[in-house]
Novice: 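Encoded as structure tokens, here's the structure I'll be asking about.
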Amino acid sequence: MSQDSYFEKVRAQFPALTQKVHGKDWVYLDSAATTLKPESVSQRIYNFNKYEVSNVHRGAHTIADKATVNYENARQAVAEFINAKSQDEIVFVRGTTEAINLAAHSYARNVLKEGDEVLLTEMEHHGNIVPWQLAAEEKKAKVLAAKVLDNGELDMADFRAKLSPKTKIVAVTACSNVLGTVNDISTIVKEAHKVGAKVLVDAAQIVSQEAVDVQAWDCDFLAFSGHKLFAPFGIGVLYGKKELLDQMPPYQGGGSMITNVSFEKTTFNDVPFRFEAGTPNVGGAIALHAAIDFVKSIGFDKIKAHKKALLQAATEGISKIPNVRIIGTAANKGPILSFVVEGAHHSDIGQILDQQGIAVRAGHHCTQPLMKRFGITGTVRASFSVYNNMQDVESFVKAVKKAQELFQ
Ligand code: PMP
């Protein structure tokens, strides 16, 4: 089967793509914001809600036991998916943002001292900036950001120059949600470890693009959201090395995260349960397991090749349109294409594309420091996933050309 007909079968698993928007076939190019959900994931959450709903860990009945087994199997599936040493290193949270807040709250607030530094990069999402600022401010530590080069690559010389024994934490995205730049995480981790810093990887964009191996990277923490990996909203993961999670105090208090509660003294559960206070998103975790199975059924070799071909075709098409400037031309890029049209506001371009049934994102993409770095207020961003095809790319390029002409 050719690559194209294989991916037409994949596309058929996404019923959302059969709808019309403004009377046109819907072209969904906003997967960096959230992915559409395949039938298998929708069915899994439907069946859970219909037949399997029960709370986990405390039930004294068969269906509750089943829910607990399925919830813990989902944890195991995540551990295997990112090659964690054990499922105890997997904490279920709401998403990337909560995962980073957990690490900043429980890890950073405990280790940071006055004068210490947290090193980020200029391409971070606000979700990987603000939690560190909150912790650093409280501890009188400093937040620094390594520079981004004009082509959107990380300035590794600046990164190295800003690393020092004062650096206690490095938090960096594996793939920029604006530039598409894929960072060299192995090198970043090696350099950071040399000065004794721990590294958190924001994997929000990378998890749907390539196999993540936390042991190969040797990162200390990693965060991602299920909803960018074909799973529902409200489920995400914080991975942490067991020896670090073990040292960390609770993030939130409540049921499930304790071993014993009394008014005199409360003792806390082991990890990962210590960080999962209250009833977790059981259905979300189980659906995330189904989403991982969906990704595995295709395999990252095929996924990468397909997205690369789409990105390449879209980049070529957009590059030929006058007065369009691509923001982010790194050698190693994920399937994300950001651009500005000279003389036109990004929101206007977004609206014009929407009228053509084409869904993109327009704005600062929660990366205001990066916008400042490029001297712009926002971009139009198209992002591609397994369900897109060359027809989508053609429609998109045609629509951008038409929009650009309106502003000349
Ligand atoms: N980091 C990156 C690189 C992202 O793209 C996003 C989502 N746009 C986030 C963090 C935050 O993810 P969430 O909103 O799912 O918590």
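Residue numbers count from 1 along this sequence. Because the structure is predicted, anything quoted here is derived from the model rather than measured. Indexing begins at 1, ligand by ligand and atom by atom, following the structure's order.
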Novice: At under 4.0 Å between heavy atoms, which part of E124 makes contact with ligand 1: side chain, backbone, both or neither?
Specialist: neither
Novice: Identify whether the distance between the nearest side-chain nitrogen and carboxylate oxygen of R75 and D88 falls below 4.0 Å.
Specialist: no
Novice: Taking only Lys NZ, Arg NE, NH1 and NH2, and the carboxylate oxygens of Asp or Glu, determine whether K20 and D25 approach each other closer than 4.0 Å.
Specialist: yes
Novice: Please list, in number order, the atoms of ligand 1 under 4.0 Å from a heavy atom of H227.
Specialist: 15 (O)
Novice: Name the residue from Y107, W132, F275 that meets the ring-ring contact (aromatic ring centres under 6.0 Å, His included) definition with F221.
Specialist: Y107
Novice: Looking at T97, which atoms of ligand 1 are within less than 4.0 Å of one of its heavy atoms?
Specialist: 11 (C), 12 (O), 13 (P), 14 (O), 16 (O)
Novice: Using a strict 4.0 Å threshold on nitrogen-to-oxygen distance, state whether D155 and R160 make a salt bridge.
Specialist: no
Novice: Among D202, I206, V178, which one puts a heavy atom closest to atom 2 (C) of ligand 1?
Specialist: D202
Novice: In terms of residue, atom name and distance, what is the protein heavy atom nearest to atom 5 (O) of ligand 1?
Specialist: Q205 NE2, 2.8 Å
Novice: Tell me whether H365 reaches ligand 1 (any heavy atom closer than 4.0 angstrom to a ligand atom).
Specialist: no
Novice: One residue to check: E98. Relative to ligand 1, which of side chain, backbone, both or neither has a non-hydrogen atom less than 4.0 Å away?
Specialist: neither
Novice: Return the CG to CG distance between L222 and L200, rounded to the nearest 0.5 Å.
Specialist: 7.0 Å
Novice: Could you check whether any side-chain heavy atom of F294 comes within less than 4.5 Å of a side-chain heavy atom of S40, counting everything from C-beta outward?
Specialist: yes
Novice: Can you report which non-hydrogen protein atom sits closest to atom 7 (C) of ligand 1, along with the distance?
Specialist: K228 NZ, 2.6 Å
Novice: Residue-level breakdown please: for T96 versus ligand 1, do any non-hydrogen atoms fall below 4.0 Å on the side chain, on the backbone, on both, or on neither?
Specialist: both
Novice: What protein heavy atom sits nearest atom 4 (C) of ligand 1, and how far away is it?
Specialist: H125 CD2, 3.5 Å
Novice: Within less than 4.0 angstrom of ligand 1, does G127 place any heavy atom?
Specialist: no
Novice: Check each atom of ligand 1 against the heavy atoms of S225 and keep those under 4.0 Å away; list them by number with element.
Specialist: 12 (O), 13 (P), 15 (O), 16 (O)
Novice: Taking 4.0 angstrom as the limit and counting only heavy atoms of N177, give me the atoms of ligand 1 inside it, by number and element.
Specialist: 5 (O)
Novice: Could you tell me whether K401 and E405 make a salt bridge, using a distance below 4.0 angstrom between a side-chain N and a carboxylate O?
Specialist: yes
Novice: Does anything in residues 362-371 form a side chain to side chain donor-acceptor pair (under 3.5 Å)? List the pairs, not counting sequence neighbours.
Specialist: H364-Q368, H365-T379
Novice: Is a salt bridge present between E191 and K194, judged by a nitrogen-to-oxygen distance below 4.0 Å?
Specialist: yes
